[in-house]
Student: 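First the structure, which I've put down as structure tokens, then a few questions once you've had a look.
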Amino acid sequence: MKWKLKALAAAVAVAVSAPASAAITASSSGDGELFFTVWDTVSETSYTRDLGVTLTQFATGNLPGGSLGTTAPGYTLGFAADTTLTNYLASVSANLAGLIWTVGAMDGSGQNRYLTTAGSVAPMTNSSVTPLNDSSDIYIANTNALGSHPSVANGSNTASKAADGDSAYGGGAQWGPNWGGKAIGFTAGALINTSNFFWEIAQVGSTNLASAAVNQFGNA
């Protein structure tokens, strides 16, 4: 699957209408939710949105609001800008060309699994399979305290490194373009208006010493 966020908005092709947690589900659940983050390295501010789809739902096509089935040729997920994103883009309008975006999801229970944007992903070896959720869960925990996440299903927020701390800033050391420094062999972030492919990384076995399988989602 190749995603391209042009002006950071796309048409909704799949309705996600089922009730969801009022926070981004992190890796400890064993089935984390997809989240979208975009940040500006100049102002050191960011926007993050809970996409309301779990890792398993995305991987199988069994989405809330209706199943497409695992044999469907593919599906597209897109989300029009909410008010928070619209206001954020206006606030960083002078730096739009340099904004960086990512989409990710985590499963850190048992066999670790991850969904991630990346232009390419090198083969994962014993030395490069570091749990990607080690730093990312810290970022999600700090993000979930902000904006509408505490009270609204599939909420969103903006964060400032100066006001909210590095751990809540999307471009900070706990997230950024490389999963908080844990992504070895790929870069998840891409500039606005740049296409990014979508991948699943799954550990083979249940220990952190195992190698990992890397699978690319195909375009419909």
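Here, residue 1 is the first one in the sequence, and each next residue gets the next number.
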Student: Restricting to non-hydrogen atoms, name the atom on A80 and the atom on R49 that form the minimum distance, rounded to 0.1 Å.
Tutor: O-NH1, 2.9 Å
Student: With no hydrogens and no angle check, do the side chains of D137 and S27 hold a donor and an acceptor under 3.5 Å apart?
Tutor: yes
Student: So, for F186 and I201, which heavy atoms are closest and what is the spacing to 0.1 Å?
Tutor: CE2-CD1, 3.6 Å
Student: Quick check: is V42 connected to W39 through a chain of hydrophobic side chains (ILVMFWY, heavy atoms under 4.5 Å apart)?
Tutor: no
Student: Measuring from atom CD1 of I140 to atom OG1 of T48, what distance do you get when rounded to the nearest 0.5 angstrom?
Tutor: 7.0 Å
Student: Can a donor-acceptor pair be found between the side chains of Y114 and N112 at a distance below 3.5 Å?
Tutor: yes
Student: Between CD of Q174 and CG of D134, what distance do you get to the nearest 0.5 Å?
Tutor: 10.0 Å
Student: Can a donor-acceptor pair be found, under 3.5 Å and without considering hydrogens, that links the side chain of S46 to the backbone of Y169?
Tutor: no
Student: Does L34 reach the side chain of L115, with side-chain heavy atoms less than 4.5 Å apart?
Tutor: yes
Student: Compare every heavy atom of W179 with every heavy atom of S135, then report the nearest pair and how far apart it is.
Tutor: CB-O, 4.3 Å
Student: From N178 CG over to T187 OG1, what is the distance, rounded to the nearest 0.5 angstrom?
Tutor: 6.5 Å
Student: Of all the heavy-atom pairs spanning I138 and N142, show the shortest one and how long it is.
Tutor: O-ND2, 2.7 Å
Student: Check the pair T37, W101 against side chain to side chain donor-acceptor pair (under 3.5 Å), reporting the backbone distance first and the verdict last.
Tutor: CA-CA 6 Å; T37 299; W101 66 274; over 6 Å; no
Student: Indicate, with yes or no, if V214 and F197 share a hydrophobic cluster defined by side-chain heavy-atom contacts under 4.5 Å among Ile, Leu, Val, Met, Phe, Trp and Tyr.
Tutor: yes
Student: Looking only at heavy atoms, what is the nearest atom pair of L132 and K182, with distance?
Tutor: CD2-O, 3.3 Å
Student: Would you tell me whether W175 and T102 have side-chain atoms, one donor and one acceptor, within less than 3.5 Å of each other?
Tutor: yes
Student: Could you walk me through whether N144 and I24 satisfy the side-chain contact (heavy atoms from CB on, under 4.5 Å) test, starting with their C-alpha distance in whole Å, then the side-chain angles of each, then the deciding distance to 0.1 Å, before giving a yes or no?
Tutor: CA-CA 6 Å; N144 279 337; I24 301 171; 3.5 Å; yes
Student: Examine distances only and state if a side-chain atom of T143 and a backbone atom of Y139 form a donor-acceptor pair shorter than 3.5 Å.
Tutor: yes
Student: Could you walk me through whether R113 and L55 satisfy the side-chain contact (heavy atoms from CB on, under 4.5 Å) test, starting with their C-alpha distance in whole Å, then the side-chain angles of each, then the deciding distance to 0.1 Å, before giving a yes or no?
Tutor: CA-CA 8 Å; R113 301 176 299 155; L55 189 155; 3.2 Å; yes
Student: State the CG-CG distance between N133 and D107, to the nearest 0.5 angstrom.
Tutor: 8.5 Å
Student: Side chains of T45 and S43: donor-acceptor distance under 3.5 Å anywhere?
Tutor: yes
Student: Going only through I, L, V, M, F, W and Y residues with side-chain contacts under 4.5 Å, is there a path from L96 to V38?
Tutor: yes
Student: Would you find a donor on one side and an acceptor on the other, under 3.5 Å apart, between the side chain of Q57 and the backbone of T54?
Tutor: yes
Student: Does the side chain of S156 come under 3.5 Å of the side chain of Y88 through a donor N or O and an acceptor N or O?
Tutor: no
Student: Say you draw a straight line from CG of L191 to CG of N196; how long is it, rounded to the nearest 0.5 Å?
Tutor: 10.0 Å
Student: Which heavy atom of A97 sits nearest to which heavy atom of I192, and what is that distance?
Tutor: O-CG2, 3.9 Å
Student: Hey, are the side chains of Y47 and D82 touching, using non-hydrogen atoms and a 4.5 Å cut-off?
Tutor: yes
Student: Evaluate T84 against T158 for side-chain contact (heavy atoms from CB on, under 4.5 Å), listing each step before the verdict.
Tutor: CA-CA 7 Å; T84 304; T158 57; 3.7 Å; yes
Student: Measuring from atom CG of D31 to atom CZ of F58, what distance do you get when rounded to the nearest 0.5 angstrom?
Tutor: 13.0 Å
